[in-house]
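What follows is one structure encoded as structure tokens, with my remarks underneath.
First listed ligand is number 1; within each ligand, the first listed atom is number 1.
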Amino acid sequence: MAAPPAIDVDGLRVVRGGRVVLDALSLAVPAGTVTGLLGPSGSGKSTLLRAIVGVQVVEGGTVTVLGLPAGSAGLRARVAYATQAASVYDDLSVHENLAYFAAVLGTPAAGDVERVLREVGLTGEAGDVVGRLSGGQRSRVSLAVALLGAPELLVLDEPTVGLDPLLRAELWDLFHRLAGSGKTLLVSSHVMDEATRCDDLVLLRDGAVLARATPAELLARTGAADAEEAFLRLVRTAP
Ligand code: ADP
Ligand code: MG
């Protein structure tokens with residue numbers, strides 16, 4: 001029997017500001033993979049991630065995460081979420097932020113803060129006040145918060161946006177190491193060329209799943225040379 005998916009979305013409908021943002025969206029994300037949620041700005045990526053972590057009011061459908069309804073109390077320590085805008089305290093140092101969130105999450109294990117600092121490459125900035133960091137460094141602090149403890153599912157909203165190419169490559173390597181240790185990662189991006197970094201892809205357009213494929217399948221199916229062209233071809237041939 002196949003392992004149950006880490007995320008199972010069925011018939012999801014979300015209305016925001018009087019507009020239907022997601023409609024009849026169904027999606028399964030296998031455990032132990034890095035799945036990319038790719039789509040242009042406004043396609044509904046953040047809204048879908050919010051529904052998966054259980055902070056989005058939904059009109060209809062079901063969202064099941066690690067076998068439980070999204071947002072269940074039992075998922076608190078098992079699911080980590082990094083929002084698109086870094087949600088860390090500007091007037092605390094990097095280390096102070098992490099120590100604070102570790103305490104809030106109830107995971108103040110010795111060495112955990114140092115581990116996540118190493119994973120995101122911020123050991124040298126541990127003592128720096130977050131408000132004085134660059135945008136890329138700030139988003140790495142919020143990624144570090146998401147890595148605290150031992151979440152089984154990491155939901156990361158555009159974690160690599162605004163980072164330099166080297167750092168981006170390092171973070172994707174980190175995501176794959178985490179998946180290799182059995183974690184599931186759902187990572188959004190509006191940058192289509194990040195598709196090649198993922199095990200599996202969800203292409204989102206206007207609140208609907210345009211395609212669900214591995215990067216290789218996507219290129220084979222569309223005959224495109226890269227993910228951006230594949231996306232355009234799918235859009236042009238969509239009903
Ligand atoms: P993405 O993350 O792909 O850029 P979002 O999920 O943020 O897309 O947005 C999807 C749609 O929902 C957009 O049309 C956006 O304008 C709308 N939307 C997002 N946030 C809100 C909000 N707080 N109130 C009303 N509409 C919103
Ligand atoms: Mg977004």
I want to know if ligand 1 touches G17 in the polar sense, i.e. an N/O pair below 3.5 angstrom.
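No, no N or O pair falls under 3.5 Å.
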Counting only nitrogen or oxygen atoms and a 3.5 angstrom limit, does Q84 reach ligand 1?
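Looking only at distances, the answer is no, because the N/O contact criterion of under 3.5 Å is not met.
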Of the side chain and backbone of R19, name the one, both, or neither that has a heavy atom under 4.0 Å from an atom of ligand 1.
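It is the side chain that gets close, since no backbone atom is under 4.0 Å.
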Extract all donor-acceptor atom pairs below 3.5 Å that involve side chains of residues 37-49 and protein atoms in other chains or at least two apart in sequence.
{"unit_1": "S43", "atom_1": "OG", "unit_2": "P40", "atom_2": "O", "d": "2.7"}
{"unit_1": "K45", "atom_1": "NZ", "unit_2": "G39", "atom_2": "O", "d": "2.9"}
{"unit_1": "K45", "atom_1": "NZ", "unit_2": "P40", "atom_2": "O", "d": "3.0"}
{"unit_1": "S46", "atom_1": "OG", "unit_2": "Q84", "atom_2": "OE1", "d": "2.9"}
{"unit_1": "S46", "atom_1": "OG", "unit_2": "D157", "atom_2": "OD2", "d": "2.6"}
{"unit_1": "T47", "atom_1": "OG1", "unit_2": "R16", "atom_2": "NH1", "d": "2.8"}

Counting heavy atoms not belonging to R115, are there more than 12 under 6.0 Å from its CZ?
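Yes, the 6.0 Å shell around CZ holds more than 12 heavy atoms from other groups.
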With the threshold set at under 4.0 angstrom, would you say S43 reaches ligand 1 through any of its heavy atoms?
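The answer is yes, since S43 has a heavy atom less than 4.0 Å from ligand 1.
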Hey, does S188 sit under 4.0 Å from ligand 1 if you only count heavy atoms?
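Not so, S188 does not reach ligand 1.
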Test of understanding: clusters of I, L, V, M, F, W, Y form through side-chain heavy atoms closer than 4.5 Å, transitively. Do L147 and Y81 belong to the same one?
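L147 does not cluster with Y81.
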If two hydrophobic side chains count as joined below 4.5 Å and joins carry through other members, does L12 share a cluster with V79?
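Yes, one cluster joins them.
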For [atom], closest protein heavy-atom neighbour:
{"atom": "atom 4 (O) of ligand 1", "value": "G42 N, 2.7 Å"}
{"atom": "atom 7 (O) of ligand 1", "value": "S46 CB, 3.7 Å"}
{"atom": "atom 26 (N) of ligand 1", "value": "R16 CB, 3.6 Å"}
{"atom": "atom 8 (O) of ligand 1", "value": "G44 N, 3.2 Å"}

Between [Y] and [X], does any NZ, NE, NH1 or NH2 come within less than 4.0 Å of an OD or OE carboxylate oxygen?
{"X": "R132", "Y": "D90", "answer": "no"}
{"X": "R118", "Y": "E114", "answer": "no"}
{"X": "E152", "Y": "R78", "answer": "yes"}

Begin from the C-alpha positions of T160 and E194 and carry the test side-chain hydrogen bond (donor to acceptor under 3.5 Å, both in side chains) through to its verdict.
CA-CA 9 Å; T160 59; E194 306 235 87; 2.4 Å; yes
Which of parallel (below 30°), tilted (30 to 60°) and perpendicular (above 60°) describes Y100 and Y89?
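The arrangement is perpendicular - the two ring planes meet at more than 60°.
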Do the ring planes of W172 and F175 sit parallel (below 30°), tilted (30 to 60°) or perpendicular (above 60°)?
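Rings of W172 and F175: perpendicular, as their planes differ by over 60°.
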Taking atom 10 (C) of ligand 1 as the point of reference, which of V20, V21, V15, D157 owns the nearest heavy atom?
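Ranked by closest heavy atom to atom 10 (C) of ligand 1, first place is V21.
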Taking the minimum heavy-atom distance to atom 6 (O) of ligand 1, which of V14, T47, L22, L37 ranks first?
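Selected option, by shortest heavy-atom distance: T47.
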Heteroatoms of the protein, restricted to N/O/S, which lie under 2.8 Å from the Mg ion (ligand 2):
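Per the 2.8 Å query on the Mg ion (ligand 2), atoms found are S46 OG, Q84 OE1.
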Considering the heavy atoms of P40, write down every atom of ligand 1 situated less than 4.0 Å from one of them.
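In order of numbering, the contacting atoms are 3 (O).
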Show me which atoms of ligand 1 lie under 4.0 Å from any heavy atom of S41.
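The list of qualifying atoms is 4 (O).
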Heavy atoms only: give me the nearest A230-L219 pair and the separation to one decimal.
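Closest heavy-atom pair between A230 and L219: CB-CD2, 4.3 Å.
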Name of the residue among L234, L204, L201 meeting side chain to side chain contact (heavy atoms under 4.5 Å, CB included) with L210:
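Filter result, single survivor: L234.
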